[in-house]
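Residue numbers start from 1 in every chain, and the chains themselves are labelled A, B, ... in the order their sequence lines are given, proteins ahead of strands.
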Amino acid sequence: MKDKPEKLIVKGKRLDGRKMDELRPIKIEVGVLKRADGSCYLELGENKIMAAVYGPREVHPRHLQEATRAIVRYRYNMASFSVEERKRPGPDRRSVEISKVSRDAIKPVIIKECFPKAAVDIFVEVLQADAGTRTAGINAASIALADAGIPMKGLVSSCAVGKIDGHIALDPMKDEDNYGEADMPIAMVVPDRITLLQMDGHFTQDEFKQAFELAKKGCEQIYEMQRQALIAKYGVEGKQ
Amino acid sequence: MKDKPEKLIVKGKRLDGRKMDELRPIKIEVGVLKRADGSCYLELGENKIMAAVYGPREVHPRHLQEATRAIVRYRYNMASFSVEERKRPGPDRRSVEISKVSRDAIKPVIIKECFPKAAVDIFVEVLQADAGTRTAGINAASIALADAGIPMKGLVSSCAVGKIDGHIALDPMKDEDNYGEADMPIAMVVPDRITLLQMDGHFTQDEFKQAFELAKKGCEQIYEMQRQALIAKYGVEGKQ
Amino acid sequence: MKDKPEKLIVKGKRLDGRKMDELRPIKIEVGVLKRADGSCYLELGENKIMAAVYGPREVHPRHLQEATRAIVRYRYNMASFSVEERKRPGPDRRSVEISKVSRDAIKPVIIKECFPKAAVDIFVEVLQADAGTRTAGINAASIALADAGIPMKGLVSSCAVGKIDGHIALDPMKDEDNYGEADMPIAMVVPDRITLLQMDGHFTQDEFKQAFELAKKGCEQIYEMQRQALIAKYGVEGKQ
Amino acid sequence: MNESIVAEIRKDYMYDLAKRGERVDGRALDQYRDISVETGEISRAEGSARVQIGNTQVLVGVKIQPGEPFPDTPDKGVIITNAELVPLASPTFESGPPREGAIELARVVDRGIRESGALDLTNLCIEEGVKVWMVFIDMHVLDHDGNLIDAAALGAIAALSNAKLPNERYDMGKDGQLPVADLPVAVTVVEMGGKLLLDPGLEEEQITPAKLTIIFNKDGSISGMQKSGTGMLTSEQIYQAIEMASNKAKEIRKKFLERKG
Amino acid sequence: MNESIVAEIRKDYMYDLAKRGERVDGRALDQYRDISVETGEISRAEGSARVQIGNTQVLVGVKIQPGEPFPDTPDKGVIITNAELVPLASPTFESGPPREGAIELARVVDRGIRESGALDLTNLCIEEGVKVWMVFIDMHVLDHDGNLIDAAALGAIAALSNAKLPNERYDMGKDGQLPVADLPVAVTVVEMGGKLLLDPGLEEEQITPAKLTIIFNKDGSISGMQKSGTGMLTSEQIYQAIEMASNKAKEIRKKFLERKG
Amino acid sequence: MNESIVAEIRKDYMYDLAKRGERVDGRALDQYRDISVETGEISRAEGSARVQIGNTQVLVGVKIQPGEPFPDTPDKGVIITNAELVPLASPTFESGPPREGAIELARVVDRGIRESGALDLTNLCIEEGVKVWMVFIDMHVLDHDGNLIDAAALGAIAALSNAKLPNERYDMGKDGQLPVADLPVAVTVVEMGGKLLLDPGLEEEQITPAKLTIIFNKDGSISGMQKSGTGMLTSEQIYQAIEMASNKAKEIRKKFLERKG
């Protein structure tokens, strides 16, 4: 790990030149995989994420089936080479938790009643990581679901907000995350339905409010980009 | 591990003041858990044991079902903090063997034909260990079964006997077990049906006889305490 | 590991006195186990191999069943004490691959249509290893199948060929394998149906041809020994 | 099928109650169940606490042993937090390696301890780069009647507050008290029929679409949050939940942690 | 269902036989099957023995390698005993990590070796706290026709008696003989219809409710016992079993172990 | 059942096509699909390459870190090759530890790299017996449309050719280029209806009885072969396959590997 930079904010700008309320550049490609029913490749700064959706499809093992609706599964996984120090392949406790909260974040928008007894499987592969992989993964997964034609009540948009040298800042990148004082990823169905909220670090209750409002603004911007990507592909918002 | 005490027996008394044929203090509480169908908290000296019974209940996976009677499962587990050196969570070879012989010790008294295709699950958690956890666990499990209203042919009562500085002694505690020359846990349905018998160490055949007879006396005392605990709770011996 | 011998070939002879196209001594015993449906003990030089076949028998778990034919499973396993440095029990990546290619090598001769929904299970235990265990295992498995009365289109015969100090040599033993430049195990249904072909090391295309032709000659010799062993046991070639 | 209809009716009933400000067990929406905290029960552990919230029961043991530091933090002690949802505690818990529920529980409690600064890890260095104290926080669930997370988190900080540094056992002088710098308290709120309820019981937890746990420090600041469940919350609900939980956290800390301080 | 009726009839038949002092394979109640012990077959191992008891066949390999001692016994060698019930040996054995049957088998044999003092572990120290001999006893079952435990235990002690210390391989002088101080022998007795039978065959083992294995030292003392099965034994039966087994153990030791001594 | 009849008909159709020298996707029998190789995409890795063969897509990352050598090769670096067939890439891939398909894939690629001498392991020694470079080759399959092995092998050598030695990160001077001595290329041939086809697409791969992968060095010699599938090949077919593959390997190497050299 590199040493902590002396300052994370210089003259109101962040190490990568961003303003406090500025997202990193985002690139979205829809429908990039052949085998998956829906897919999305997404870059958020240095993060490179591939998401795929399979479904509706048969459930194995059978006893997991639900009689009146589809089950939704979500697997967040990091490629071994996606981080500085090679990661052992396979799930660890962190990825199990992220898979769980991401599933909780995405599931509310899926109209599960359309596919009784079936499964909708969401796979997110982190090809390169630079802080914010879970939020980037949720954004990509949301688009991949639309690409797969899974009926949804809306898109889920996600981003994080951090506290950096005492300031609230949108979408922390790796150094800001490592050396910052707080990190809070949220996911939202625009305009105001929160489906993910995690926080660790230190926020006064006032700081929390400021951060939370900023994060919601970030989600709104991301939502717009998600929409545009789907319109560019389909002419409309992910309708089949 | 502490060093071996110079003598384990001084003037016919053991390190904790007990006589050779004396059990450690026993405390029994019946029905201490809400979710379990039956439960028992038991202290034997420094041992603290929680036992719970679930059942009769459905068997998963299905292929383990038996058409004409219940299956009985037994899981002995040590809490990580129950021993001096923190134990990694989960089963190890020792706990697998103890689970097996404990199940063999308890199963003969359960009237399995009452519940075809069902399971009776027995869980024993060692919260603090001080030699004798398997016997204490069997005693607690036996009471938890009665508390759950599982039909039984009798109670199983269990205790160990050891050889300490050349003397046969009832119910060895940790130092006696660590530095003793033999250890023999037994379980019995009073008056004379042995359901568990293990021994390791060194016994002449005469010593074995002496030890075995002493262990049976110990079981009889424990049986009396088990009965009293159930009577205190139910007025009668575990009849529903 | 011992140091590399200065020369692996001296005056046209190999370290164990063999000629370049000479197999190690082979010993075959048919039907040596009671519980298995078919079995074979085989020695190839210092290799000691036990193979057993169970089947046709029921398939567990059920979903692996195939409606119109038997499934074939093959497990290659090394005993912990079979190699110089004690091997941890259980499958490793090498044994998983060997099991797979051995199954691919054996399966073509089994008339699977005779036993719909059933399994034919082949187990190969390496009791002592000295290079060539997978080929020796296939040879033994082939006989064990015949011993079990499984209908087959033919016997599979297998041997390896290596490049040793620049020379092509049949059936490398351990030192030749460790210090040789190439190793190529093949399996064949005589006269010319190749069912296994693996190679690693360095062969020019000409060397490959020379090696391949030599390996086929080796397989023919082995086939003859397999036949003789079955005739000795059954009077005919494994027909029941 | 009948079973699921009964469940549906029961759920509707509980939602209706909630809308009227009532709960199945008679509590007010903002009423916590009775809490009890007993410490020091496990003498084999360096610290321990048994927490009961209603019928929910969690036993937390803290073991402290010397070990090697992580290469990138050579001067810091190590915290390892683990939750065991043993099958003794609930008919729905199974044997085997921790599943996502146990992992999430452990990780949320872990972050609360860590981020609140409850343990100053540099205090736990014995010899830089060579030997530090490893603090194992093992949360053993004994009876699961809802809201495990608040119980486990309370048990963890109570066990830490009560733990000693076992210097004697390792020939490093006299035993000391594990220094604890803050007292984070987790409080969980669930949403039901548009209303917020403190401290969900098992049945409430099973039917609620969304749960929010907030961990507060002594000074009222927040050191951790975790939303779970597949429901959605409005900003308004989140702000309201924080307010409800904030007061309760202060009360719990005062009653069960500070009196020992 | 028919299958289980046939099994029931067969069981009754065997019980009736036992009551009359007879067994399905024609043996007397106290008659052991034929035993054969071949040692040294696996030259790759430091010691090995193939034991057959009737059709039951176990191959035991002993590997001896230098390794680190356990921290709490820095001057003692290490014994690691493992049993593999590979699926080649029985239609009921499955692939995968050792199940309770294999674990119990290994642990009973292990305790017999250990508690009898067969290996003096302090003899196996090379450099205190740094390097000791690790003795791996691997019991590989090849054919399971009942009474694996006696076969495995006999194989273990025969393989140890036959093992060398591979000093040369590790540049520590000449190879030596592994010093073996006692010769524990396990003998198993089962109860059937009130009678006791020595050395159960597979079919007997499957229907017997209770099995008792006793491990005897050279001097006739006992270094291990293990009751298994879900039956109950009376004290009288236990005393009688010890007597039956004690004589047999002496005989087996004399015939298969001491002649090599 | 219908499904399997359809599959049977489809299979017959493809066999018939092959006999006439045609393929379902319109390719000639010896025609490879379009290949693309992009390197350096993953800046977090020391080397990386994304290979596409038709719709098949594999991303290979190479991580290089210091570590301990194996005791028996104290002066040699270590190669660790791993393939992840993640469930994102195909409806038939499942989560969990690598199954035999992934293991075979990794091991074949590994042998090709190793046996070709592409990496001179003695060049990767930092301090004999103490510290060497560990080269992790991780092959992450993203889209499985047949012939993963050629794609993975090509990705592996392309990523290695493109990798740097991260000396700076470990305070060992300037970053260097990982020295790559040979450029092994794997080419796969399948048999169908007596004909040989280069570069099987997914559907072809699923119905072919036998597949042969051959790995060629720069000088045309062979460093690895692997037959898979339960079909049988004649000697003639094997010789012919080698010839077909040999030419193609040269072409691929020239186009996608040497231009970077």
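- Between B/Arg93 and E/Glu104, none of the side-chain N atoms (NZ, or NE/NH1/NH2) sits under 4.0 Å from a carboxylate O, so this pair counts as no salt bridge.
- For E/Ile238, the part lying near chain B is the side chain, with the backbone staying farther off; criterion is any non-hydrogen pair under 4.5 Å.
- Contacts of E/Pro98 with chain B are made by side-chain atoms alone, with heavy-atom separations under 4.5 Å and no backbone atom involved.
- Only the side chain of B/Val189 has a heavy atom closer than 4.5 Å to any heavy atom of chain E.
- Listed options E/Met232, E/Glu243, E/Met225 were ranked by heavy-atom pairs under 4.5 angstrom with chain B; first place goes to E/Met225.
- Within 6.0 Å of NZ on E/Lys218 lie more than 12 heavy atoms contributed by other residues, nucleotides or ligands.
- Checking side-chain atoms of B/Asp104 against main-chain N and O of E/Gly229 turns up a donor-acceptor pair under 3.5 Å.
- Here the shortest heavy-atom pairing between B/Pro108 and E/Gly231 reads CG-O, 4.2 Å.
- Both the backbone and the side chain of B/Lys209 come within contact range of chain E, each with at least one heavy atom under 4.5 Å from a heavy atom of that chain.
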Go through it in stages, so that I can follow the logic: the residues are E/Glu100 and B/Ser99, the test is side-chain hydrogen bond (donor to acceptor under 3.5 Å, both in side chains), and I'd like the CA-CA distance, side-chain angles, deciding distance and then a yes or no.
CA-CA 9 Å; E/Glu100 65 177 31; B/Ser99 296; over 6 Å; no
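- Using modelled atom types and a 3.5 Å distance limit, the side chains of B/Asp192 and E/Ser235 yield a donor-acceptor pair.
- Annotation: side chain of E/Leu233 is not in contact with side chain of B/Arg193 (no heavy-atom distance under 4.5 Å).
- Residue E/Asn82 touches chain B through both its backbone and its side chain, counting heavy-atom pairs closer than 4.5 Å.
- With a 6.0 Å radius and a threshold of 12 heavy atoms from other residues, nucleotides or ligands, B/Lys7 has its NZ atom at or below the threshold.
- Counting heavy-atom pairs closer than 4.5 Å to chain E, the top residue among B/Lys107, B/Gln205, B/Met188, B/Glu181 is B/Gln205.
- More than 12 heavy-atom neighbours from other residues, nucleotides or ligands sit within 6.0 angstrom of CD on B/Glu224.
- Across all their heavy atoms, B/Met199 and E/Ser223 have their closest contact at SD-C, 4.0 Å.
- In this structure, B/Glu97 and E/Val108 approach most closely via the heavy-atom pair OE2-CG2, 4.4 Å.
- No part of E/Ile215 comes within reach of chain B, as not one of its non-hydrogen atoms sits under 4.5 angstrom from that chain.
- With a 6.0 Å radius and a threshold of 12 heavy atoms from other residues, nucleotides or ligands, B/Glu220 has its CD atom above the threshold.
- Listed here is the closest heavy atom pair of E/Ser228 and B/Lys100: CB-NZ, 3.4 Å.
- Heavy atoms of other residues, nucleotides or ligands lying less than 6.0 angstrom from NZ of B/Lys216 number more than 12.
- Here E/Ile214 contributes atom CD1 and B/Leu197 contributes atom CG; the two are 8.5 Å apart, rounded to the nearest 0.5 Å.
- Under the 3.5 Å distance criterion, the side-chain polar atoms of E/Lys227 are matched with a main-chain donor or acceptor of B/Thr195.
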Worked check of side-chain contact (heavy atoms from CB on, under 4.5 Å) between B/Phe203 and E/Ser221:
CA-CA 6 Å; B/Phe203 272 152; E/Ser221 60; over 6 Å; no
Test side-chain contact (heavy atoms from CB on, under 4.5 Å) applied to B/Asp200 and E/Gln226, step by step:
CA-CA 9 Å; B/Asp200 62 298; E/Gln226 182 92 344; over 6 Å; no
Could you go step by step and tell me if B/Arg94 and E/Arg107 meet the side-chain contact (heavy atoms from CB on, under 4.5 Å) rule?
CA-CA 8 Å; B/Arg94 176 179 169 276; E/Arg107 285 178 60 87; 3.7 Å; yes
